[in-house]
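Structure first, then comments.
Values below: every heavy atom of this structure, side chains too, minus hydrogens, waters and symmetry copies. Below, chain A is the first sequence line, B the second, and so on; all start at residue 1.
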Amino acid sequence: MIFAMAFVVGGLICAVGQLLMDLTNHKVTPAHILVGFVTAGAALSALGLYQPLVELAGAGALVPLSGFGHILTQGAIRGVERDGLLGVFAGPLEAAAAGITAAIVFGYFFAILFRPKG
Amino acid sequence: MRVDFTKPAGIQRKQYRDFVDRISPKPNVLVNVIWAFLVGGLVTTIGQGLLTLFLAAGLPVLEAGAMTAVVLIFIAALLTGLGVFDDIAKYAGAGVIVPITGFANSMVAQAMEARNEGLVLGVGARLFTIAGPVLVFGIVVAWFAGLFYFLFR
Amino acid sequence: MPAAKKMGQQTLVFQNPPAIIATGTVVGTKEAEGPLGKTFDRVIEDPYHGEKSWERAERRLLEDAVQVALKKTNLSPQQIDFFLAGDLENQTEASSMAARNLGIPYLGLFGACATFFEGLAMAAVLIDGGFAERVVVAASSHAATAEKQFRFPTEQGVQRPLTQSWTVTGAGAAVLAADGNGPVLTHVTVGKVIDMGQTDPTHFGAVMAPAATDSIVRHLEDTGRAPTEYDLIVTGDLGILGRDLAEGLLQEHGYDVGDRFTDCGILIYDPAKQDTHAGGSGCACSAVVTAGYILQLIQGGKLQRVLGIGTGGLLNADAPKQGETIPGIGHAAAIERR
């Protein structure tokens, strides 16, 4: 069941992204889409609206970039619970550390290993 | 009448914009959305498979989620390096751009293209051309969320 | 005293029309697979052209095109008075580097994708003015350097809009001379920068169509010619959509160009098979199609007189982000069989 929900919710989130790409003008680039989703995810998470989606759809809500925003916000909240004000600063990146490090390290190695095909 | 060249420049511009709109093809939104839904669903389902696997292996929830992200990032970065990601994205669109795969692709694609500008100002800097803004906006919003939580919990 | 060789507002008339005595065209595989594939002199199989970067590949394309053209004339670079060239890289890097290696006195040009026609105009002025005997004109573009410069890295996952054109990978060169056999350049109409308020850098046909129209109308009015006096009116890289826009705008000016009006960006690719969307674009588009196919038709006697209009969208990578509108330019050149 969780797989079906992951498929449907993940697919729907991507479909929203596609609508944003197709129905807006040229000023909305993939960079804007990525930023939009991470911002929306972080904000919805702060309002307590994203966690229910994660519980419903698992990776369907976590894998889209809005899930990355959710992880950053939840990291900030857990940081506050643990360390108070310091946690506001340390929490977001602690929670997202694995993903960010993976992206940097793999990104770096693949960028020097391969050259663009064009 | 497409554009009346006897009219003032402002009116000519407006008439021309309308003319351009009339003849310009629009994206096939329905086909694109179906592609995005199916491929996006597939990517998140693969993510769910990984998540289930890591949970079964005994990882706590947060760590299992993080490892899922790591694996998907690896796959997307590799496909970008192999020159396949852009071919998939041509059809799948947001289906691979919106998931964390799109984040990884934007880092590798930018950095690869800058290999000839050196490791520091080329690869190192350009990894963050698109990832930078994503991190900035995500972290700023999360920081505010944390601050409000600290003040008003 | 009015200028002796100027006609009307913007048109130059050459008293001793310079001849295009040889051309060289080098293209990539996508162009070679297109409908005009057989008209090009050389094809490079590897988009890197054996070099380590896209930029170096483009520079070599440009050099190769010049060398191919010179070889046909048996002239050495030392026998050329000036080298006029341009491209789309920052500060026209490809042209400067090609000029360094060729060792011909060099005037760098930037006219965006209209550069080849800007070069033809300047070469004719130098020759007819008595300042040069032989001039080489060249322009290049490369799909990957253009994407990197103006849009996204080649491996980034993006969906190209249907209005977008595909940058031609290639370079075209022409040797113009005071004496010699070949089609001659009789008139040039230097275009004005025309801004119709377009803002979309993925819809260059719409950006450039008004400028192409303006230059065609200006040319016809300055010379008193009718469109029917030309066997072909061919713009540089308006593409499928831009051509239709320009045809519509020309009708509003009272000119029906109909069947005799086409565009290098339409001729070079097969959009159904090659996924090029609106057509070809880039400096090389008008350069390789004019220096190849069009001049071959003139030399073969299939066309007697052609009006070519190099078209360009004038912007840098930052201007659209800063909310600027994108103006266009068109330079027209009348080429005749001799």
Task: Closest approach of A/Ala59 to B/Leu51 (non-hydrogen atoms, all atoms of both residues) - done: N-CD2, 4.0 Å
Task: Max heavy-atom pair count under 4.5 Å with chain B, selected residue of A/Gly36, A/Pro30, A/Ala103 - done: A/Ala103
Open item on the list: If I measure from the heavy atoms of chain B, does A/Leu20 come under 4.5 Å with its side chain, its backbone, both, or neither?
Closed with: neither
Open item on the list: Counting heavy-atom pairs under 4.5 Å with chain B, which one of A/Gly67, A/Ala46, A/Pro64 comes out on top?
Closed with: A/Pro64
Open item on the list: Please find the pair of heavy atoms, one from B/Val70 and one from A/Ala102, that lie closest to each other, and give the distance.
Closed with: CG2-CB, 3.8 Å
- [ ] Please name the pair of heavy atoms, one in A/Gly87 and one in A/Pro92, separated by the smallest distance, quoted to 0.1 Å.
- [x] O-CD, 3.9 Å
Task: A/Leu44 CG to A/Leu53 CG distance, which is reported to the nearest 0.5 Å - done: 9.0 Å
TODO: Considering only heavy atoms and a distance below 4.5 Å, find which of A/Ala40, A/Gly41, A/Ala76 pairs most often with chain B.
DONE: A/Ala76
- [ ] State whether the number of non-hydrogen atoms from other residues, nucleotides or ligands found under 6.0 Å of A/Phe109 atom CZ is greater than 12.
- [x] no
Open item on the list: For the interface with chain A, which of B/Ile100, B/Ile130, B/Val123, B/Val108 has the highest count of heavy-atom pairs at distances below 4.5 Å?
Closed with: B/Ile100
Task: Contacting region of B/Leu78 [heavy-atom separation from chain A under 4.5 Å] - done: both
TODO: In sequence, state the C-alpha distance, the side-chain angles, and the governing distance for B/Met112 and A/Phe114, and then conclude on side-chain contact (heavy atoms from CB on, under 4.5 Å).
DONE: CA-CA 7 Å; B/Met112 271 168 94; A/Phe114 295 103; 3.9 Å; yes
Open item on the list: Which atoms of A/Ala57 are under 4.5 Å from chain B, going by heavy atoms: the side chain, the backbone, both sets, or neither?
Closed with: backbone
Task: Contact origin within A/Leu47 toward chain B - heavy atom pairs under 4.5 Å - done: neither
Task: Reported CG-to-CG distance for the pair B/Leu55 and B/Leu59, which is rounded to 0.5 angstrom - done: 7.5 Å
Task: Check: B/Phe37 ring centre within less than 6.0 Å of A/Phe7 ring centre - done: yes
Task: Interchain contact, B/Ile139 with chain A, by part (heavy-atom threshold 4.5 Å) - done: both
Open item on the list: At a 4.5 Å cut-off on heavy atoms, which part of B/Ala114 comes close to chain A: side chain, backbone, both, or neither?
Closed with: neither
Task: Heavy-atom pair with the smallest gap, counting every atom of A/Cys14 and B/Ala36 - done: CB-O, 3.6 Å
Task: Rounded distance [0.5 Å steps], CD1 in A/Ile2 versus CG in A/Leu56 - done: 7.0 Å
- [ ] Let me know if B/Pro133 has heavy atoms under 4.5 Å from chain A in its side chain, its backbone, both or neither.
- [x] both
Open item on the list: How long is the straight-line distance from CG of A/Leu93 back to CD1 of A/Ile100, given to the nearest 0.5 Å?
Closed with: 5.0 Å
Open item on the list: Quick check on B/Ile97 against chain A: is it the side chain, the backbone, both or neither that has a heavy atom closer than 4.5 Å?
Closed with: both
Open item on the list: Heavy-atom cut-off 4.5 Å, strictly under: side chain, backbone, both or neither for B/Phe148 against chain A?
Closed with: neither
TODO: Apply the test side-chain contact (heavy atoms from CB on, under 4.5 Å) to residues B/Leu42 and B/Leu38: give CA-CA distance (whole Å), side-chain angles for both, the deciding distance (0.1 Å), then the verdict.
DONE: CA-CA 6 Å; B/Leu42 185 68; B/Leu38 293 176; over 6 Å; no
Open item on the list: Quick check on A/Phe37 against chain B: is it the side chain, the backbone, both or neither that has a heavy atom closer than 4.5 Å?
Closed with: side chain
TODO: Counting only heavy atoms closer than 4.5 Å, note whether A/Ile71 contacts chain B via side chain, backbone, both or neither.
DONE: neither
Open item on the list: Taking every non-hydrogen pair under 4.5 Å, which of B/Gly81, B/Ala145, B/Ala66, B/Ala69 racks up the most with chain A?
Closed with: B/Gly81
Task: Pairwise side-chain contact, B/Val71 with B/Phe74, heavy-atom cut-off 4.5 Å (strictly under) - done: no
Task: Largest heavy-atom contact set with chain B, pairs under 4.5 Å, which of A/Val105, A/Ile33, A/Leu85, A/Ile104 - done: A/Leu85
Open item on the list: What part of B/Leu82 gets within 4.5 angstrom of chain A, counting heavy atoms only: side chain, backbone, both, or neither?
Closed with: both
Open item on the list: Quick check for you: among A/Gly91, A/Gly79, A/Gly84, A/Ala4, which has the greatest number of heavy-atom pairs under 4.5 Å with chain B?
Closed with: A/Gly84
Task: Which portion of B/Leu72 sits near chain A, non-hydrogen atoms under 4.5 angstrom - done: side chain
Open item on the list: How close do A/Ala96 and A/Leu72 get, counting heavy atoms only, and between which atoms?
Closed with: CB-CD2, 3.7 Å
Open item on the list: For B/Leu127 versus B/Met107, what's the shortest heavy-atom pair and its separation?
Closed with: O-CG, 3.4 Å
Open item on the list: Counting heavy-atom pairs under 4.5 Å with chain A, which one of B/Ala94, B/Gly124, B/Gly146 comes out on top?
Closed with: B/Ala94
Candidate polar pairs, chain A side and chain B side, donor-acceptor under 3.5 Å:
from: A/Ala6; atom 1: O; to: B/Thr44; atom 2: OG1; distance (Å): 3.0
from: A/Gln18; atom 1: OE1; to: B/Ala94; atom 2: N; distance (Å): 2.8
from: A/Asp22; atom 1: OD2; to: B/Asn32; atom 2: ND2; distance (Å): 2.9
from: A/Ala59; atom 1: N; to: B/Gln48; atom 2: OE1; distance (Å): 2.7
from: A/Val63; atom 1: O; to: B/Ile100; atom 2: N; distance (Å): 2.9
from: A/Leu65; atom 1: N; to: B/Val98; atom 2: O; distance (Å): 2.8
from: A/Glu81; atom 1: OE2; to: B/Tyr149; atom 2: OH; distance (Å): 2.5
from: A/Ala111; atom 1: O; to: B/Arg115; atom 2: NE; distance (Å): 3.0
from: A/Ile112; atom 1: O; to: B/Arg115; atom 2: NH2; distance (Å): 2.9
from: A/Phe114; atom 1: O; to: B/Arg115; atom 2: NE; distance (Å): 2.9

